[in-house]
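Within every chain, numbering begins at 1; the chains are lettered A, B, ... in the order of the sequence lines, protein sequences first and strands thereafter.
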Amino acid sequence: MLFPSESALRADPQAVAGSSDYDIVIVGSGISGAIIAKQAAEAGKRVLVLEAGTGVNRSLVGYDDLLTTFYSAATKDNQSPFPVNANAAMPRSPQLRKLQAGETDSSTYIVQSGPYVSDTTYTRIFGGTTMHWEAKTPRMLRSDFKSRTNFGQGLDWPLSFEEIEEDYRLAEQEIGVSADVEDQSYLGQTFPDDYVFPMRGLPLSYLDQQVNNGIDGTSVDLYGQIYPLKVRPYPQARNGIPNPAYDGGRGYRPIGAVDTHQVEEGGRCQGNTNCVPLCPVQARYHSGKTLAKAFRIRGKSGQSLVELLPQAVASKVVIDPDSGKVVALEVKVYNDSASPAHETITVKGKVFVLAAGAIETARLMLSSGLRSTSGLVGRNLMDHAYLLNWALMPQICGTMRGTSSTGGIVDLRDGPFREKQAAFAIDIHNDGWGWATGAPTSDLLELVDDRNLYGADLRRGLIDRISRQLLLAVMLEVLPVESNRITVDPQFTDALGNMRPILSFTVPEYTMRGAAYARQFSRTVFARLGAQDHTSYAPSDFGYVAYEGQGYAIRGGNHLAGTHIMGTTKTNSVVDRNQRSWDHENLYLVGGGSMPTIGTANVTLTLAAMCFRSGRDILKYLH
Amino acid sequence: MSNRVEAFLGLSAELTAFSRFDLLGTGLAERYLGTLDTVVGGEITDMLLAAFVALPPPEDGTRAQALRATILGSELLGDVARALIKLWYSGTWFELPYAWTQRFGPKSADATFVVSPDAYIEGLLWKAIGAHPAGAKAPGYGSWAYPPKIPTFPGSPTSKPDAVSVHPQNAGIMS
């Protein structure tokens, strides 16, 4: 697919402020905003997308600059490609520290109010968090939509799986999912008879295969129920081999790269093992691809129907007190990311869509004084809790090759045990212990500085230590709890004077019970593999949680949800089943924040599906 | 090529177990020598090179012990030599230990930094384990499904004749 050399022209702030004919104003250029913008433009609507970041990475040159920043970064954390921008700051996990009881740490962008310190991140840049996501795209299970009814836990969705299934297919098409139906038909997942994913599944890594050799055909017993073990491939939002049977035999054309015609870019995954934090060749989906298509849609007079205003931080939602409708957004536009100097403009439109991610959308609502009738804005914050388990395989597995993750153990995503404890999905990390220990750099330092190895001994030591690494990242279900929340306080502001998010979180007991079991489960798997367990959790770890006499280091999953929860009435939720605000009829709060539960599915595919639904509702509202 | 660069390559090859050919192939040898000069200064760098040149010849059985005693075990040169190993393997200069700085004085350029974007990409670590730097030199679609091709080297597990047969410990190693 070819895109123009400059995919999106920067809109002029004065022209934007003077304009009164935007049909839709969208805050955020991540996947939610991108899908709604494209859908609206296809229907002939005029759309403005506001992006807090600089937007320079919408061109290939700007994208490649991120890669160079990554190469040059001494600490290659999951935000390392993205330059510091105090006007649109984002959380960065290496800055975190453990809190004392009752302490609040405001030294990082997210104010950590505890007791649990979350290293969750999201990316405030053109393309949002799809610029750094790992791009696993499992669907939620049928039972995940009814966890209150089925397990007496969490909440039921106001939508059933059946009602969202068609939008899952639209999301899989837009994102370009690589998977095979036969691999995904476990735990009762079903697909229409003729359905195939756009592209064939990515092959399992050699490491996945070695793990599978050790566990395939074995099972575990949990509360009297038997669960078979197997390494299954994950569906992935990265380009694979198009499936000729897709779309009734019409096939699928992979979504290319933004702003280039080079065949090296936007083609099939090359195995850069760097999905997080940045795919160097844009084989992994990011919402710039959807936006690039949207920007090409022209109106009757030939003008682009979708405009992008970068360096524009939405600061206040202005409400008409009589109708409750949104009349405008106050937006702070800065010229230089190194300076807080800015002008404040007012942006008008017919419909407003807040698509800034679960934390920023809630932050914007709360700092506008909009808690909603239910008082639930910012509450029910969810993010998958990760428990890392790491070991050395007995044999060389070629770790550090592949996409970040190709396979995992997913048969405990569902079962009657969910009445008592959290379900989980495990992914096998092809980049070894990196997430847990900082491998392979930490291994190099240890072997050279502490073990005094050099020359051939060092080379042998590195092979022995790194090529056998296995990391089981257990992703645990977290249910909505109202006291887990985002708040704001005028004493904590950013460079532009916008209030920063304050995070208060306790890992729910339901999740910790699942974590305790997951630790035992991992030890069982290691025993079957003959792998040396190297897992340890330090009490000084910022994410350390004690549970029933044991301690666990819990990591955030960056799967943020729940802060403007979806429900059936204005008293039990913030938005309706179409993600429309109950209180403000021309306001849509979209994205993970609307999800009442997150099950054991990485949230992006589900929230993308929900945005197709919202896009249709917005068009209906406009007519 | 100057004697200084020659000595630096010889020292680097011995410390890393990568050949001069491999090291020159990174295109970074002179820059890394320059990094040493910039960070610890020409004088200490020259002492390190002189210590290497003064080692007994390779055929002498005492060479490895001498290298341990006069370079890696030297109070002044040991930490510099270890920083050089890490530099070749990762492209990153790692700040010298606190104790070294206390004893020999702080060096203004001695902070942890990546020498250049290509230095990261050319890190020997990735080649040593038969992988590729994360985010560069991608091996191609589906390559991850096959065993790694870990290069052999003098002293590597597969350089032993009995390692040719498939043994679980070596199943993944191919030359």
In sequence, state the C-alpha distance, the side-chain angles, and the governing distance for Asp208(A) and Trp144(B), and then conclude on side chain to side chain contact (heavy atoms under 4.5 Å, CB included). CA-CA 10 Å; Asp208(A) 292 330; Trp144(B) 56 80; over 6 Å; no
Criterion side chain to side chain contact (heavy atoms under 4.5 Å, CB included) on Asn452(A) and Arg82(B), from CA distance to verdict: CA-CA 9 Å; Asn452(A) 282 313; Arg82(B) 278 182 285 278; 3.7 Å; yes
Start with the C-alpha gap between Tyr141(B) and Asn239(A), add the side-chain angles, then the distance that decides, and say whether side chain to side chain contact (heavy atoms under 4.5 Å, CB included) holds. CA-CA 10 Å; Tyr141(B) 180 84; Asn239(A) 290 338; over 6 Å; no
Side chain to side chain contact (heavy atoms under 4.5 Å, CB included) for Leu125(B) and Ile466(A)? Distances and angles first, verdict last. CA-CA 10 Å; Leu125(B) 168 68; Ile466(A) 300 169; 3.6 Å; yes
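Side-chain contact between Pro440(A) and Trp126(B): present, with at least one pair of heavy atoms (C-beta onward) separated by less than 4.5 Å. Under the 4.5 Å side-chain criterion, counting only non-hydrogen atoms from C-beta, Arg401(A) is in contact with Pro148(B). Side-chain contact between Tyr454(A) and Leu84(B): absent, with no pair of heavy atoms (C-beta onward) separated by less than 4.5 Å.
For the set Ala138(B), Gly78(B), Gly135(B), the entry with the most heavy-atom pairs within less than 4.5 Å of chain A is Gly135(B). Of the residues considered (Gly402(A), Ser72(A), Gly398(A)), Ser72(A) shows the highest number of contacts with chain B, using heavy-atom pairs under 4.5 Å. Top candidate by heavy-atom pairs under 4.5 Å with chain B, chosen from Met393(A), Arg460(A), Gln209(A), is Arg460(A). When the candidates Asn274(A), Asn272(A), Asn430(A), Thr273(A) are compared by the number of heavy-atom contacts under 4.5 Å with chain B, Asn272(A) comes out ahead. Ranking Thr92(B), Thr112(B), Leu72(B), Ile121(B) against chain A, the residue ahead of the rest is Ile121(B), based on heavy-atom pairs under 4.5 Å. Between chain A and the options Pro97(B), Ala131(B), Gly91(B), Gly140(B), the largest number of non-hydrogen pairs under 4.5 Å is found for Gly140(B).
Contact between Tyr146(B) and Tyr206(A) at its shortest, heavy atoms only, is O-CB, 3.5 Å. Shortest non-hydrogen contact noted between Leu462(A) and Ile129(B) is O-CG2, 3.9 Å. Of all the heavy atoms in Ala456(A) and Ala17(B), the pair that sits closest is N-CB, 3.3 Å. Thr441(A) and Phe94(B) make their closest contact through CG2-CZ, 3.6 Å (heavy atoms, listed as atom of the first residue, atom of the second, distance). A pairwise comparison of heavy atoms in Val114(B) and Lys76(A) identifies CG2-NZ, 4.2 Å as the closest pair.
Both the backbone and the side chain of Ser205(A) come within less than 4.5 Å of a heavy atom of chain B. In this structure, chain A has no heavy atom under 4.5 Å from any part of Ala83(B). Residue Leu67(B) touches chain A through its side chain alone, counting heavy-atom pairs closer than 4.5 Å. In this structure, no portion of Thr75(A) lies under 4.5 Å from any heavy atom of chain B. Neither the backbone nor the side chain of Leu447(A) comes within contact range of chain B; no heavy atoms are under 4.5 Å apart.
Taking the centre and axis of the six-membered ring of Tyr89(B), the NZ or CZ atom of Arg459(A) falls outside the cone set by 45° and 6.0 Å.
Distance NZ/Lys137(B) to CD/Gln270(A): 14.0 Å, rounded to 0.5 Å. To the nearest 0.5 Å, the span separating CD1 on Ile85(B) from CG on Leu458(A) amounts to 6.5 Å.
Atom CD of Glu75(B) is surrounded by 12 or fewer heavy atoms from other residues, nucleotides or ligands within 6.0 Å.
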